[in-house]
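Before any comments, here is the structure.
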Amino acid sequence: MVTINIWGALRPAVNGAASIELDATTIRDLFEKLEAQYPKTLPYIEEGIAVSIDGTIYQDSWSHPLPTDAEIYLLPRIAGG
Amino acid sequence: MLYESPQTTEDAVELLSKSKGKVHVLAGGSDLLVRMKGGYIEPDVVIDIKRIKSMNTIKKTADGFLIGAAVSCARMADHQALCKAWPGVVEAASLIGSDQIQGRCTMAGNMCNASPAADSVPAMIAAEAWALVQGPRGERWVLVEKIAKAPGVTTLRKGEVVEAILLPPKYKKSGDAYLRFTPRTEMDIAVVSAAVNLTLGAKGVITDARVALGAVGPKAMLVKPAAKAIVGTTLDDAALAKLAAAAAAACDPIDDKRGTIQFRTKVAQVLAKRAAKIAYQRAGGK
Amino acid sequence: MSVLVNSTINGDNVSFSCDADETLMDALRNRVGLKGVKEGCGTGDCGACSIRLDGALVCSCLVLGAEAEGRTVETVEGMSNGAELHVLQTKFLEHAALQCGICTPGFLIAAQTLLEKNPSPTETEIRYALAGNLCRCTGYDKIVRAVQDAAVVMKKGRKK
Amino acid sequence: MNKETKFTERTFKSVGTRPVRPDGVDKVTGRARYGADYDMPGQLIGLMLRSPHAHATIKKIDTSAAEQLPGVKAVVTSKDLPDLTDGDTDLKCILENSMARKKAFYDGHAVAAVAAVDMPTAKAALKLINVEYKIHKHVTDVDKAADPKAPVLHKDCFTKGVEPAPVKPSNIAASSEFGHGDVGKGFDDADFVVERNFRTEQTHQGYIEPHACVASVSPDGSGELWVCTQGHFVFRQQCAQLLGMDMAKLRVTSSEIGGGFGGKTHLWLEPVALALSRKANLPVKLTMTREDVFRASGPTSATSIDIKIGIKNDGTITAGEATLRYTSGPWKGSWAMLGAMTAFACYDLENVKTTGLEILVNRPKTTAYRAPSAPMAAFAVESVIDELAGKIGRDPVAVRIQNAAKEGTQSSYGPVYGPIGIGPTLEAAAKHPHMSAPLGENQGRGMACGFWFNFGGQSCTHINIDIDGTVTLTVGTIDVGGARASLSLVVAEELGINYEQVKTVIGDTGNLGYNEMTDGSRGTFASSMSAIMSARKAIEELKQRAAMMWDVSVDEVSWEDGHARATGNSNLPPLSIAEIAAGAGKTGGPIAGHTELNADGAGVSFATHICDVEVDPETGLTRVIRYTVIQDAGKAVHPTYVEGQFQGGATQGIGWALNEEYIYGDDGRLQNPGFLDYRIPVCSDLPMIDTQILEIPNPNHPYGIRGVGETSIVPPLAAIANAVSNASGVRMTHVPMSPPRILAAIEEAETTTA
């Protein structure tokens, strides 16, 4: 199980929780389980969610592993100039 | 559109009188071409006056400096005698746009464009400059402050063209100055401007003065009460305060993208005072 | 209507025809093929189209093509001497006085005009002389330094 | 990514030097081709008709007279761009923005376009198009638009991100919240709390090159697009989707780019140019005038930010809270969200809460502008921190150092930081001679910090070893300010050859796999990561070939200083890259290296700026008289271009702080769509911009590189506001701090104290 921290605007989609536990081993796995357990997150996943693993933000890497003791944050995808 | 480049003033007047449709004079082009680009005007005829010899010279005469209507502001700045006699006017002309614009723009064009914010116009008004107007019925002399009527509108009649501007000879113990306020150092339009031209008598007492303000009304204006406020003084603090009050009283600006009524009125006073101090110093006052 | 214009452009006799209301900038770009003349605004506010007309620095967007009749025109394309770059061009490269480079031709022409007139300008004089050329990338720092450096080199070259 | 992207300490030979860029000579001789500099044979001239109204329903468009004008080859309206967006809301906004459909949402919104044989004919044709509008009430102000009584732009806009979902439509398109701890408790613990509203006006990226493209679509469904863009692969993908074309059949070539700063990450003209070309069956050139650029492309948000920060007498910031309203134009963006994420990112706060609200207004669609949304939030936060430092009688730098985020700090937007540069930039500022230089009358000094995320993303590069041993690197990220030089340096470093032997070119969309834009400060970070991997693959191949030439096992070949060395046999002289390349035909054909990757792990970036200003107390005029930028670059590949990024960003920030703003009339029309009245700084407005580059390696890049392009625009608004406050005694809460605003503030302060 990994602990996933949720940013404010996504919390309503996970029943208001600031963090949730998921049995996920990779980023792809995380999104699949997030959608399965919290269907309201789907529009956000489609819009793009970035995953911060121990402070490094991954925007695309599905295969990246999620160590169980890692600090994981979900963040909206960001744009730059 | 028809492009004409007459060689003489007579030809220019004839073209202006006889051409049909919307006829525009091209001097420096720095306003005309901008308005064409924006689609605000679509001339049928453009008459380029830059090939007219008499309009391309600066002549020093007994009556003063006769500056041809097609003389660029950059050329004015290169004329040493003119710079020495009328530093305020030359500075004003040199503030229009950039070096690139300076290479093209002319004082006559600046005046005929009739913008209340035209930089050279208050300086010319303070200098008591005259415009030499040529038309189908011959020439006439018009004080510069009488050329603009309203924003973008002049008192010139059909067929008339300005051939030159006459700046009076430099009087002894006189000095002029022009200041404008712009948020940037360059490439800007005056939000407010002030020009002062004054002459000193004995003991540094001002015997004669002309004060003009720009961008605080529908056209650049001569402010007689402001001049009156400093004549007979040595430009002490009391005189400066009266000058500022008279300038403020004359202001009738608008709120627009470049400034507010309040700001323009306040800064007109500041600039009038600062310009007066520079002119006073240039006239030899302490 | 169309007008035929004969000019000396970068030292060569060139004839082109353009519309009577066409700017010299458009004519140089589209009729003569000198694309180094850039359009940033078309209203004389950015200096990207700077050229010299009979030696005077002007914005070519504020000149009609027809006005070039019988006159000489200098653009950035004529700045180098064959394969040998002008000192200003070299110094702009060395100092990285350009990022995107769209304003560079205009800056070069303006700087050349300045240094021919005033071989030892102060920083303030350089800044005011280049105020008609907008650059959005560099903050002007490296442009001013390049012109300062070029002035030194050009002066040395004259002394020789 | 795989682990070899991790940073390893090394001594650089090429990286860190300052050679002339490969595209330089073309740019000083007028040869470089930008968007408007390219012509296709038989090309038509396109022109757009734009709405003069801020908010109007398009009842009818009659194009028949225009179509009949001799020389007109195509007229298009939204009917020629059917909606193929298939539920993709972002793409739908792009479609609606490129050509108004039912409604025109802002002054300048395109409603029709023509393509004709020349410009005069195109202009004449535009005049023949008759559009019937029904004009609605409009709203351009950020606070007025958020008011429940404001005219609503979209009847189907219900605020996203709030529970329960609102039942009434509004102009508040979305809300997003970030933070941790308990701000209420934090404020209770504070000795001083400052609460203020800050406003910033809308600015434009102000690139000198207006948007331009040439499009050609053939009846067989293939097409070409030449365009000035920050991302031709993204443009291709979106254009192909909008036009219903096969992506592989649309070849997009990026021109040289005359500045972008975020504004060229977005499609404006391109779908229309393609639609015109498709209809006319001829190439079409479509360019914007400067007026079009201001009215109808990429401005940043106007903002209104409520902020509250508490501090203890000992200097500890106990809580920070902000509600940030950002305009996003007529469609939802993520601009307020970015403001909410970045606002407090410089600090280590126990209690922090931010809420970003996306506000719809009748202004052009907001687009990214260099570290989008961060400058406005930093303006509010850094101004209040300065004020709080004053309240407790402490030095503002010291207070910031005390509260600065560091490795292990939980950021205000969530994740914990790795090694970061905010502390070191502040320490450097404290020691900088600028900080202690004397000041004159009416002068004041200010400083402020800034943060930007930076990102990486999809990148694809290709290296060819040519038979003379020179090397071509092909990248898919466009070069906005010297990236080709930096990437050549990186490849030279990796291969152990000279910079002069490497030529970096930007491939078109047919040459490489998909590349994301040059945005988010990713160009050098991501493409260099990919280029290093491509070089390493090429080295493997070079070693193979050397092994073959020597007839030894590849395990016995090493690569060093551009040469293969036979490790097991010292009698064999090393083979240079040129020697190996010359024999490539006999050893297996061309030698190349190719990489595609997701460059994740872009290191976050911090900067501290110091500035001195002089304020004329009689006119409110502010001059910047000294300016210093201190920023972490991770590793400065080409230090001169890094400095250039710092200086350029700071200068854009200075313009924003002092004079740049969109001014709308009561009629909802933009009053200053030109460089005369949209006042970007000119050369004589500025001092030299001093720079200090710090190098705190990014652990997720082989060379430690971080993006450097954006952060430098973040601190100036606040740094100047703080300096103005110290110079004139007035706290400015409205940007730009134009002379009328400063003078009014000075007069108000005089009246209050009198």
Side-chain angles (χ1 to χ4, degrees), chain A residues 2-20 22 26-28 30-31 34 38-81, chain D residues 1 89-90 160-163 174-180 205 260-263 265 300 333-334 337-338 340-341 353-356 367-372 407 410-411 413-418 452-458 517 519-522 598 600-604 699-700 707 709-710 713:
Chain A
V2 286
T3 305
I4 318 252
N5 297 292
I6 310 288
W7 87 93
L10 187 64
R11 287 178 197 166
V14 293
N15 307 327
S19 70
I20 54 171
L22 287 177
T26 63
I27 290 179
R28 178 184 186 169
L30 183 160
F31 285 136
L34 187 65
Y38 304 95
K40 279 191 197 168
T41 60
L42 182 61
Y44 291 90
I45 295 170
E46 281 175 350
E47 213 165 281
I49 292 180
V51 183
S52 165
I53 304 169
D54 288 330
T56 300
I57 298 174
Y58 297 88
Q59 299 234 83
D60 292 295
S61 300
W62 269 14
S63 60
H64 203 282
L66 304 177
T68 47
D69 54 346
E71 186 237 25
I72 297 166
Y73 259 87
L74 296 189
L75 295 169
R77 270 184 85 95
I78 48 178
Chain D
M1 255 313 297
T89 50
D90 285 348
K160 270 186 75 179
V162 288
E163 283 289 310
S175 168
S176 46
E177 251 185 61
F178 298 89
H180 53 256
Q205 296 83 349
F261 317 110
T265 60
T300 186
S334 52
M337 179 194 85
L338 290 171
M341 290 173 84
K353 184 184 172 191
T354 58
T355 306
T367 312
Y369 179 17
R370 207 169 197 155
E407 188 165 1
Q410 183 182 12
S411 67
Y413 57 91
V416 168
Y417 288 125
W452 182 246
F453 302 97
N454 293 344
F455 49 90
Q458 298 180 61
M517 308 247 189
D519 68 346
S521 299
R522 71 178 286 278
N598 271 328
D600 283 316
V604 291
N700 299 306
E710 293 174 284
I713 201 177

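Naming: A, B, ... by sequence-line order, numbering from 1 per chain.
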Applying side-chain hydrogen bond (donor to acceptor under 3.5 Å, both in side chains) as the test, list every pair that has at least one member in residues 5-20 of chain A; sequence neighbours left out. none
Name all pairs fulfilling the side-chain hydrogen bond (donor to acceptor under 3.5 Å, both in side chains) condition that reach into residues 70-81 of chain A, sequence neighbours left out, sorted by first residue then second. A/Asp60-A/Arg77, A/Tyr73-D/Gln410
Residue D/Ser334 versus chain A: region with a heavy atom under 4.5 Å: neither
Taking every non-hydrogen pair under 4.5 Å, which of [options] racks up the most with chain A?
| options | result |
| --- | --- |
| D/Thr265, D/Asn454, D/Asn700, D/Asp519 | D/Asp519 |
| D/Pro415, D/Gly520, D/Ser175, D/Gly262 | D/Pro415 |
| D/Phe453, D/Tyr417, D/Phe261, D/Trp452 | D/Phe453 |
| D/Ala368, D/Gly456, D/Gly603 | D/Ala368 |

Residue-level interface, residues 42-51 of chain A with chain D, non-hydrogen cut-off under 4.5 Å: A/Tyr44, A/Glu47
Side chain to side chain contact (heavy atoms under 4.5 Å, CB included) assessment of D/Phe455 paired with A/Ile57: CA-CA 8 Å; D/Phe455 49 90; A/Ile57 298 174; over 6 Å; no
Of all the heavy-atom pairs spanning A/Ser61 and D/Asn598, show the shortest one and how long it is. OG-CB, 3.8 Å
Nearest heavy atoms of A/Pro12 and D/Gly161, plus distance in Å: CG-O, 4.2 Å
Residues which pass ring-ring contact (aromatic ring centres under 6.0 Å, His included) with A/Phe31, listed by chain and number, not counting sequence neighbours: none
To the nearest 0.5 Å, what is the distance between CG on D/Asp600 and CD1 on A/Ile53? 8.5 Å
Side chains of A/Ile78 and D/Met341, heavy atoms from C-beta outward: is any pair under 4.5 Å? yes
